[in-house]
Each structure stands twice: as structure tokens, then as C-alpha cells.
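The block underneath contains the structure these notes are about, expressed in C-alpha cells.
Keep in mind it's a predicted model, so treat the numbers as computed, not measured. Numbers restart at 1 for each chain; the letters A, B, ... are given by sequence-line order, proteins then strands.
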Amino acid sequence: MKPEVSLEEIASLAKRRGFIYQGSEVYGGLSGTWDYGPLGVALKRNIMQLWWKMFVDDLDDMYGVDAAILMNQKVWQASGHTETFTDPLVECSNCHARFRADKIDTSKCPTCGQSGTFGEPRQFNMMFDTTVGPTSTTIKGEGLTVKAIVYNEKDLKVEVPPTNQFNTVKLSDQNATSYLRPETAQGIFTNFKNVVDSFYPDLPFGLAQQGKAFRNEISPRDFVFRSREFEQMEIEYFVDPAKWEEAFEMWRGRIHEWFKALGLPEDKTHELEVPADDLAHYSKRTIDFEFDFPHGRDELLGMAYRTDFDLTNIQKASGKSMEYRPKDGSPAFVPHVIEPSFGVERAIMAVLVAAYTVDEINGEKRHVLKLPKHLAPVKCAVSPLLKNKPELVSKAKEVYGMLKKEFGAVMWDDNGNIGKRYRRQDEIGTPYCITIDFDTLDDNTVTVRDR
RNA sequence: GCGGGUAUCGUACAAUGGCUUCGUAUGCCAGCCUUCCAAGCUGGAGAUGAGAGUUCGAUUCUCUCUACCCGCACCA
């Protein structure tokens, strides 16, 4: 079932009214990046703050963390990202199917049956790599070794004598290589022990984090739905392995509350029980929570039972115990994990799609963003009924100043006539408009319009 | 990454191998007017994605690049 709104309509509105722009637009853009304008950043922050309130501040069993984007590369080795992301991929030149070169017989394409259609395998890694600190390079020749600290390898020029008696040998410092995190989850797992040491919370408890993650997607798509830089809101909920199902169901319920808080209609959200043979190797159960986006039904957030996969990996790789010792003296164990993982951009898209409506009034189209009030970027617009009556304008300024100081997200609007202002505010989802008229001057009352 | 499409004021559309380089609507800015749900008038700013080629002359034709949209693949 496709919603009536097209992705292009949403993108057009987002651009026109200052929600979301193409990243680096003046230079022709950068694929898979998007920038937020004044209204967009307000909406985004409202959504993220709502999440933090619902899932951290309002709950007794939740703790917040905020880990660094750059992490020791051992994190990604232990989690399996380094290995699984450097698989060589081959592509069939006939049917364009792609396969892991080490998993198939490359003499014949399994999809179309053609022979000899595979080219050279290419390494493809979805993690953005980077170098932490200067790169150290060693130049070796006969009887001579020069060590150089190079801040930018492209600037390094080594003159090689014609005798070729010198060789340049780059000793890339493996410790200096790192990645922009492809998920925020590992920043939580690596701090599990720290939080236990500081607070020793009763099990079950959860850690929550919001932050940027980066994936070098093959093809970013569908407006902000799949981009190369995005924001995640993730929870790792640590449980006694015997009680994981209980926790799973609890979070399932909390996720539906989240949908309600975002104002997403129930008939547009769906649960997809991921079939056993599609599950990631570490997961015993996963539910994809989907939404009917303009481009089709697609994943809005996911919840996975990750067992003790991550903590056990860290325990093995670091040599540090990740066991939790229950306070009742029963034997220690490595907790299991329920992971609800939310995408901020996907939530924004869903909210915009759900809120976007077009009314027909006397044959005129009226665009209204029916945002939940607590998400609206502008809570209230203040207008003088007439722009050319100084007494109205000054009174309105006074009211505006009071509200602005109190609530912040208040907009001054004196452009055109009153009807136009209402329309304009409708289009950005402003719930309240306050108009100062001549009665205000007489009896200090104002007109409050509820969208 | 493959195939198809698109790229013109902020937005949505129009037009053109030249002539004074581009029209409309809306939005925006200034002024006038206007006593509550897109009234009107006057004036103004604002665009051919980037680069190369063909040509006397390119926004228009060709090529390359970039970005977005549609389909496929991918989504650990």
C-alpha cells in the first residue's frame, strides 16, 4: 500500500521551507549527505529529545552514554566488522549479480549460468577509514634508514636515485588506522563494564546512546532514508539470559508507545518477524518495525535479541571479564542483550509523511503539516492583525517578547494578511497562532488559533 | 555497482542554436492598502548543476563529471 504523498513532494517542501537541504549543495552536492535547516534541526532535536525523555529520563532501568565516534580498531575487529566488511566482491558482467568471491565458484555465475563473466574481485568495505595521528613512514636504503612523520602522505615525495639503490617502504602503523563508527552500538558495549563499575545497576538495565554513524553505502537512496552519514538512537538492554523473552516483549510495547508519540498512524506501521534463515548469525530473534513510506514499506527501526555475542567477543578480545555478578550471590554470567535500534532520519521522514496533508478549500489546495504539538519546530506564531497600525505592532511585539522568553520556539510573522500567515504556519506545522487585534488594546485579550 | 530518467530564479512549471540571454505562477524584499483563515496595487531582487567539445555564436547539440528520481542489486 503506497501513501499518496510522493518522496519528491516531501523533499520539495523540506527544501522550500527550510527543513532539509542537499549536503554541500552549492558545490553540486555530495552523495548521501543532507543538511538540516532551521526548522529541520528543530524537528530533529524535538524527536531526539522526546526519545531521550521516554527511554532514559522517564525510566528507572535506563542509563545514558555518549561514546566517541572514533574508536580503537580492535573494537571493529572484535565485533566482526573489519572482517565482514573486507570481503572481496565479484560482479557478473552479464546479469550484474554480486557475490562474495570466496563463497562461490567464480567460473560460472550462479544466477544466470554464464561462464567467465566475473571480473577481478574488488574489496568493498562499508566503513569509512581514517588515520588517527600522523602516519609514520620509514624509508630504507642501503646502510640508511630514515624515519619520517608524515601528516599527509600525498605530500610525501621521495627522490629515488637512478641506481635504484633506495627503496621506499611504507610501514603503515596499524594502530593509527581507525574508522568512523558504522553503528553506535559498540560504543555502548565497550562501556558496559564502566557503567557497571560506577553504578552497579540491578539487572535488567539498559544503556542508551544517540549519535552519528557512517556507512559508505553503495547507493544512498530515497531522500534521507539511506544516507552515508546518519544519526542513530540505540539501546542495549542487558538481561538474564533466562528472561530475555520478557524483556523483548516489554521493549516491543515501548516501541509501539514511541510510534504513538510520533503520531504515526497504526495502519501504517507494521512488524516484520525476520525469518530464522535471514537472521544475523548472532541473533536469535529480530523484529523489523516497518512504515509505509512513499517509496514503499521499509524498515523504520529494528529490535534484535543479540544474545551475549557482543560482550563475549569483547571479553575474548580484551581479556577483561564482562560478567555480571548478581547481588543475591548467585553465579556470575555474561548478560544477554535486547537491542532496539532507531534511525533518526527515518523517524523524521515517517513523521513528515504522516503529518503531510493537502486539503481542498474552494478548489484551492492547502498544505498542512499535522505534526504532533510536541514535535512542531515552531510552537506558536505571533502576528499583529494589521501591519500598518503601530499600536497593534508594538503590542504584538510585546506579546512576542514575553512568549519568546518563556517558550523559545515562537515566530514573529507580520507578512501579508492574516489568512496568508495562517496558511504559512499550517505548512510548517505550527500548532498555535496568536493574533493581536484592537480588542487586545482594550481588554488585553488575544485571539489564539489552534491549527 | 548495473540499467533508465531528470537537472532552468527558493519552489512548481514554460521556452529557445543568436537578436535586449529566458516566460508564468507562487514564494521572497520594499511601499501602499487591508479589522481574522492564501484580497488588491506599485516597484524590486532572484535561474539555465560543473567542466570540456562542436560552432562565428551553446541554456539548447555532443562528451565527461556531479547530484537527485525510478527499477535492480546491496543493506554485515
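Contacts of S12(A) with the nucleic acid, taken as non-hydrogen atoms under 4.0 Å apart, involve only primed sugar atoms and P, OP1 or OP2. Using a 4.0 Å heavy-atom distance criterion, S31(A) is classed as a sugar-phosphate-only contact. At a threshold of 4.0 angstrom between heavy atoms, the contacts of G32(A) are confined to the sugar-phosphate backbone, with no base atom among them.
Nucleotides C13(B) and A76(B) are separated by 44 Å at their C1' atoms, to the nearest Å. A gap of 31 Å separates the C1' atoms of U59(B) and A30(B), to the nearest Å. Between the P atoms of C69(B) and A12(B), the separation comes to 13 Å (whole Å). Between C9(B) and G5(B), the two P atoms lie 22 Å apart (nearest whole Å). If you take atom C1' in A67(B) and the same atom in A50(B), they sit 11 Å apart, rounded to whole Å. The separation of U11(B) from G46(B), taken at their C1' atoms, amounts to 12 Å, rounded to a whole angstrom.
Put simply, the side chain of S24(A) and the base of A67(B) share no donor and acceptor less than 3.5 Å apart. Interface remark: the R449(A) side chain does form a donor-acceptor pair with the C37(B) base, using a distance-only criterion of under 3.5 Å. Side-chain atoms of T447(A) and base atoms of C36(B) include a donor and an acceptor less than 3.5 Å apart.
Evaluated for a side chain to side chain donor-acceptor pair (under 3.5 Å) with H336(A), the options Y237(A), Y305(A), W244(A) yield exactly one hit, Y305(A).
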For this session: Output, in order, the C-alpha distance, side-chain angles, deciding distance and verdict of side-chain contact (heavy atoms from CB on, under 4.5 Å) for F259(A) and I255(A).
Result: CA-CA 6 Å; F259(A) 288 158; I255(A) 286 168; 3.9 Å; yes
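Residues satisfying the side chain to side chain contact (heavy atoms under 4.5 Å, CB included) criterion with Y282(A), sequence neighbours excluded, are A280(A), R306(A), F309(A). Residues satisfying the side-chain hydrogen bond (donor to acceptor under 3.5 Å, both in side chains) test with E183(A), not counting sequence neighbours, are Q186(A). L441(A) meets the side chain to side chain contact (heavy atoms under 4.5 Å, CB included) test with E391(A), L392(A), K395(A), F438(A); sequence neighbours excluded. Residues satisfying the side chain to side chain contact (heavy atoms under 4.5 Å, CB included) criterion with R449(A), sequence neighbours excluded, are R366(A), Y422(A), D426(A), C433(A). In this structure N313(A) satisfies the side-chain hydrogen bond (donor to acceptor under 3.5 Å, both in side chains) test with no other residue, sequence neighbours excluded.
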Which atom pairs, donor and acceptor, lie under 3.5 Å between side-chain atoms of residues 22-29 of chain A and protein residues at least two apart or in another chain?
unit_1 : atom_1 : unit_2 : atom_2 : d
Q22(A) : NE2    : L30(A) : O      : 3.3
Q22(A) : NE2    : T33(A) : O      : 3.4
E25(A) : OE2    : K15(A) : NZ     : 3.1

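Note: OH (Y179(A)) to P (A76(B)) measures 19 Å, nearest angstrom.
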For this session: Can you check each nucleotide of nucleotides 28-35 of chain B against protein heavy atoms at under 4.0 Å and return B for base, S for sugar-phosphate only, - for none, in 5' to 3' order?
Result: SS---SBB
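Taking 4.0 Å as the cut-off between side-chain N and carboxylate O, R285(A) and E249(A) count as a salt-bridged pair.
Sorted by first and then second residue, the salt bridge (Lys or Arg N to Asp or Glu O under 4.0 Å) pairs involving residues 39-48 of chain A (not counting sequence neighbours) are K44(A)-E231(A). Screening residues 371-382 of chain A for side chain to side chain donor-acceptor pair (under 3.5 Å), with sequence neighbours left out, gives K373(A)-Y432(A), K373(A)-D450(A).
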Tabulate atom names and distances for all N/O pairs under 3.5 angstrom spanning the protein and nucleotides 8-10 of chain B.
unit_1 : atom_1 : unit_2 : atom_2 : d
G10(B) : O3'    : K15(A) : NZ     : 3.1

Can you tabulate the close N/O pairs, meaning under 3.5 Å, that link protein atoms to atoms of nucleotides 44-50 of chain B?
none

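Residue-environment remark: NZ (K193(A)) stays at or below the threshold of 12 foreign heavy atoms within 6.0 Å.
Paired runs in RNA chain B that reach 3 or more consecutive Watson-Crick or G-U pairs, where each pair keeps both distances under 3.5 Å, cover B:1-7 with B:66-72, B:10-13 with B:23-26, B:28-32 with B:40-44, B:49-53 with B:61-65.
Remark: R346(A) qualifies as a cation-pi partner of F225(A) under the 6.0 Å distance and 45° angle criteria applied to the six-membered ring.
No donor-acceptor pair closer than 3.5 Å links the side chain of E273(A) to the backbone N or O of I287(A).
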